[in-house]
Amino acid sequence: MTPRLELRNITKRFAGFAANDDISMAIAPGEIHAVLGENGAGKSTLMKIIYGASQADAGTMFFDGKLVPRHEPATARSLGIEMVYQHFALFESVTVVENIALSYGGGFDLAALAERVSDLSQRYAMPIDPHRRVHDLSVGERQRVEIVRCLLRTPKLLILDEPTSVLTPQAVARLFETLRQLSAEDCSILYISHKLDEVQELCDTATVLRNGRVSGTARPRDATAAELARMMVGSALPEIRIASPHPTPRPRLQVQRLSAEPADIHGTRLEDISFAVHGGEIVGVAGVSGNGQAELASLLSGERLASDPEAIQIEDRQVGHLGVSRRREMGLAFIPEERLGRGAVPTQSLWENALLTAHRLGLVWSRMVNRTEAEAFSRAIIERFDVRTRGPRSSAQSLSGGNLQKYIVGRELALEPKVLLVSQPTWGVDVGAAAFIRQTLINLSRGGAAVLVISEELDELFEICDRLLVMCQGRLSRSLRPGDVDREQVGLLMTRPDLVPDGQEAA
Ligand SMILES: Nc1ncnc2c1ncn2[C@@H]1O[C@H](COP(=O)(O)OP(=O)(O)OP(=O)(O)O)[C@@H](O)[C@H]1O
């Protein structure tokens with residue numbers, strides 16, 4: 001059978017470094033094909049080359065047996081190649097159908113387009129109302145808009161870059177049904193993911209990349225997650241070790257009756273939130289993003305001030321009225337969800353980015369930057385967290401997403417915080433590095449820090465948290481012990497505000 005897509009000897013270099021090195025692979029019509037690999041292995045680079053958003057330095061690509069010369073995304077789309085990026089590119093304040101029309105350059109009969117969107121969303125069991133505004137949609141619904149936008153063109157190859165990182169277990173199951181239906185209709189699917197259990201459930205075949213080269217191929221259903229991980233990493237994954245928690249008698253972080261209006265019209269109102277995190281324990285906040293997590297994180301970090309100083313306390317001191325620097329001086333560290341822009345300045349080097357928060361470790365003295373010290377500090381993080389980069393002078397934006405995440409986590413942990421607030425700690429991070437980050441968070445908590453993890457990854461929360469809180473529509477559930485509930489129950493709480501009990505957690 002002629003492959004739907006065939007790559008022969010694709011090579012792509014950045015300043016002499018081969019992000020893709022002589023990659024060859026083929027995908028049959030209707031095949032669901034996973035691309036696996038560590039952070040920085042070259043997956044996104046390869047997808048961008050297939051989609052025409054980046055050009056290979058060497059190698060050839062064939063689509064349905066025909067050679068595709070140097071091409072751009074418009075050419076790829078005309079061949080039937082569509083791509084759903086991890087970060088959605090939707091306009092918040094216009095409707096679903098207007099968004100879709102805009103992405104195609106306008107000039108549509110909107111009523112007819114809306115009807116096609118409705119038909120398609122019904123056919124593929126992905127309900128969306130074409131007339132709703134995007135800012136009212138959940139993340140899962142936004143992803144459906146992106147997929148339906150691709151399906152309108154009847155693609156022959158659909159590329160999905162980490163599509164489930166933002167979905168509830170129920171939404172993942174639905175997405176997989178849609179993908180299987182597409183595959184049955186002969187659409188091939190290229191699926192990038194770090195979640196090996198999902199790859200095993202969904203994908204027919206997998207190509208594994210390591211250091212820019214193909215390190216192997218596998219039939220994920222016949223392999224164990226450990227075998228796939230070994231192909232990616234080159235060695236077995238370390239087991240996470242969790243000692244029993246010994247919480248401090250007094251909480252290190254305490255939130256009492258915290259309410260806040262949304263910061264913008266698309267935000268969520270926080271309603272009467274109370275909880276406490278003791279030193280020595282990890283507390284997780286589960287929930288689909290957009291339910292108030294961003295508001296909670298910005299109020300806890302000090303980016304936004306609370307109307308009542310008493311509402312937030314660090315070690316018995318009222319901090320609701322204090323800004324970011326004052327709270328950091330009191331031992332709070334914060335790892336935000338957006339690594340580029342908030343966690344790091346994209347155009348600056350890694351050592352300059354270290355200064356953003358670690359300046360208080362003696363790297364700046366009398367307003368003079370000690371560059372040698374800053375570079376040494378940065379190098380130590382790179383080594384300890386195995387950040388794949390050429391060194392402290394590389395710019396933040398030249399790192400792959402997962403590697404930048406490792407760097408930011410390393411920088412904040414080096415501050416030895418008493419209270420750590422972290423949003424999506426392993427978002428886009430490969431299995432090996434994710435295990436390392438989780439172990440580091442556990443060690444930090446067992447060393448006496450209070451750790452609050454906001455994450456959409458239920459498996460992660462179940463693995464590392466001593467207690468769980470579920471956030472839905474700006475309210476927080478009472479605290480749950482991971483051993484007393486299962487993922488389905490928590491998944492339900494994430495989507496059904498009527499199930500979130502009124503009872504606020506006692507401090
Ligand atoms: N524009 C660029 N300039 C310099 N280096 C780059 C650029 N884009 C990618 N790289 C490098 O190429 C390598 C491969 O990056 P790529 O984003 O393809 O990895 P990935 O497998 O998708 O990683 P992740 O799982 O973290 O998303 C990385 O080392 C990255 O630093």
Side-chain angles (χ1 to χ4, degrees), residues 7 10-23 25 33-59 83-87 159-166 190-196 198-199 206-216 228-229 231-234 237 337-340 343-350 353 378 381-382 385-410 424-437 457:
L7 303 176
I10 296 286
T11 293
K12 172 79 181 174
R13 292 180 188 282
F14 294 108
F17 160 84
N20 286 166
D21 191 358
D22 199 25
I23 292 182
M25 60 190 270
H33 191 112
V35 180
L36 304 176
E38 289 181 284
N39 295 127
K43 305 176 294 293
S44 300
T45 303
L46 190 65
M47 295 308 118
K48 283 184 200 153
I49 289 170
I50 296 169
Y51 191 56
S54 174
Q55 311 298 326
D57 298 322
M83 179 154 169
V84 179
Y85 285 96
Q86 192 178 19
H87 301 282
I159 304 173
L160 295 151
D161 191 351
E162 292 191 47
T164 62
S165 56
V166 291
L190 262 173
Y191 189 86
I192 301 189
S193 178
H194 289 296
K195 296 184 183 168
L196 299 180
E198 291 181 358
V199 166
T207 295
V208 186
L209 301 184
R210 195 188 320 156
N211 298 329
R213 299 183 70 93
V214 175
S215 66
L228 293 173
M231 283 172 84
M232 284 164 49
V233 182
L237 282 184
E337 175 178 339
E338 305 90 347
R339 44 198 161 216
L340 276 177
V345 182
T347 49
Q348 287 193 340
S349 64
L350 292 178
N353 269 293
S378 178
I381 299 172
I382 290 169
F385 281 79
D386 190 20
V387 179
R388 309 287 165 89
T389 170
R390 264 155 284 164
R393 295 182 192 181
S394 300
S395 67
Q397 65 191 359
S398 73
L399 267 60
S400 77
N403 276 302
L404 184 58
Q405 179 73 1
K406 289 194 268 179
Y407 186 76
I408 294 169
V409 171
Q424 321 296 350
T426 59
W427 189 43
V429 169
D430 68 55
V431 278
F436 179 72
I437 289 177
E457 296 257 5

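Below, each value reflects all heavy atoms present in this structure, side chains not excepted, and no hydrogens, waters or symmetry copies. First listed ligand is number 1; within each ligand, the first listed atom is number 1.
Of the polar atoms of Gly42, at least one N or O is found under 3.5 Å from an N or O of ligand 1, judged by distance alone. Checking only distances, Gly40 does come within under 3.5 Å of ligand 1, N or O to N or O. Considering backbone and side-chain N/O of Thr45, one or more are found under 3.5 Å from N/O of ligand 1. Ligand 1 has no nitrogen or oxygen under 3.5 angstrom from a nitrogen or oxygen of Arg388. At least one N or O atom of Gly402 sits closer than 3.5 Å to an N or O atom of ligand 1. Not a single N or O atom of Phe17, backbone or side chain, sits closer than 3.5 Å to an N or O atom of ligand 1. By the 3.5 Å distance cut-off applied to N or O atoms, Glu162 is not counted among the residues near ligand 1.
Note on residues 389-403: pairs passing salt bridge (Lys or Arg N to Asp or Glu O under 4.0 Å), not counting sequence neighbours, are Glu375-Arg393.
At least one heavy atom of Leu399 sits less than 4.0 Å from an atom of ligand 1. The shortest separation from a heavy atom of Gly401 to ligand 1 is under 4.0 Å, placing the residue in contact.
For atom 30 (C) of ligand 1, the closest non-hydrogen atom of the protein is Ser398 O, 3.4 Å. When only non-hydrogen protein atoms are considered, atom 27 (O) of ligand 1 lies nearest to Ser44 OG, 3.9 Å. Nearest to atom 24 (P) of ligand 1 among the protein's heavy atoms is Asn39 ND2, 3.6 Å. Protein heavy atom at the shortest distance from atom 1 (N) of ligand 1 is Phe14 CE2, 3.6 Å. Of the protein's heavy atoms, Ala19 CB, 3.3 Å lies nearest to atom 12 (O) of ligand 1. Atom 25 (O) of ligand 1 has Lys43 NZ, 2.8 Å as its closest protein atom, hydrogens excluded (heavy atom only).
The backbone N or O of Glu38 sits less than 3.5 Å from a side-chain atom of Lys43, completing a donor-acceptor pair.
Using a 4.5 Å heavy-atom cutoff, the side chains of Ile49 and Lys12 are in contact. Residues Asn211 and Arg388 meet the side-chain proximity criterion, which asks for heavy atoms closer than 4.5 Å. Taking 4.5 Å as the limit, every side-chain heavy atom of Gln405 sits out of range of all side-chain heavy atoms of Asn39. You'll find the side chain of Ile50 reaches within 4.5 Å of the side chain of Leu7, heavy atoms only. Contact annotation: the side chain of Thr426 never approaches that of His194 to less than 4.5 Å [non-hydrogen atoms, C-beta and beyond]. When side chains are defined from C-beta on, Leu46 counts as touching Ile10, because their heavy atoms get closer than 4.5 Å.
Checked against a 6.0 Å centroid threshold, the rings of Phe385 and Tyr407 do not count as neighbours.
Annotation: side-chain contact (heavy atoms from CB on, under 4.5 Å) contacts of Arg13 (sequence neighbours excluded): Thr11, Ala18, Asp57.
Distances below 4.0 Å separate heavy atoms of Glu38 from the following atoms of ligand 1: 21 (O).
Minimum interatomic distance between Gly391 and Leu350 (heavy atoms only, all atoms of both residues): O-CD1, 3.7 Å.
Only the side chain of His194 comes within 4.0 Å of ligand 1, counting heavy atoms alone; its backbone N, CA, C and O stay farther away.
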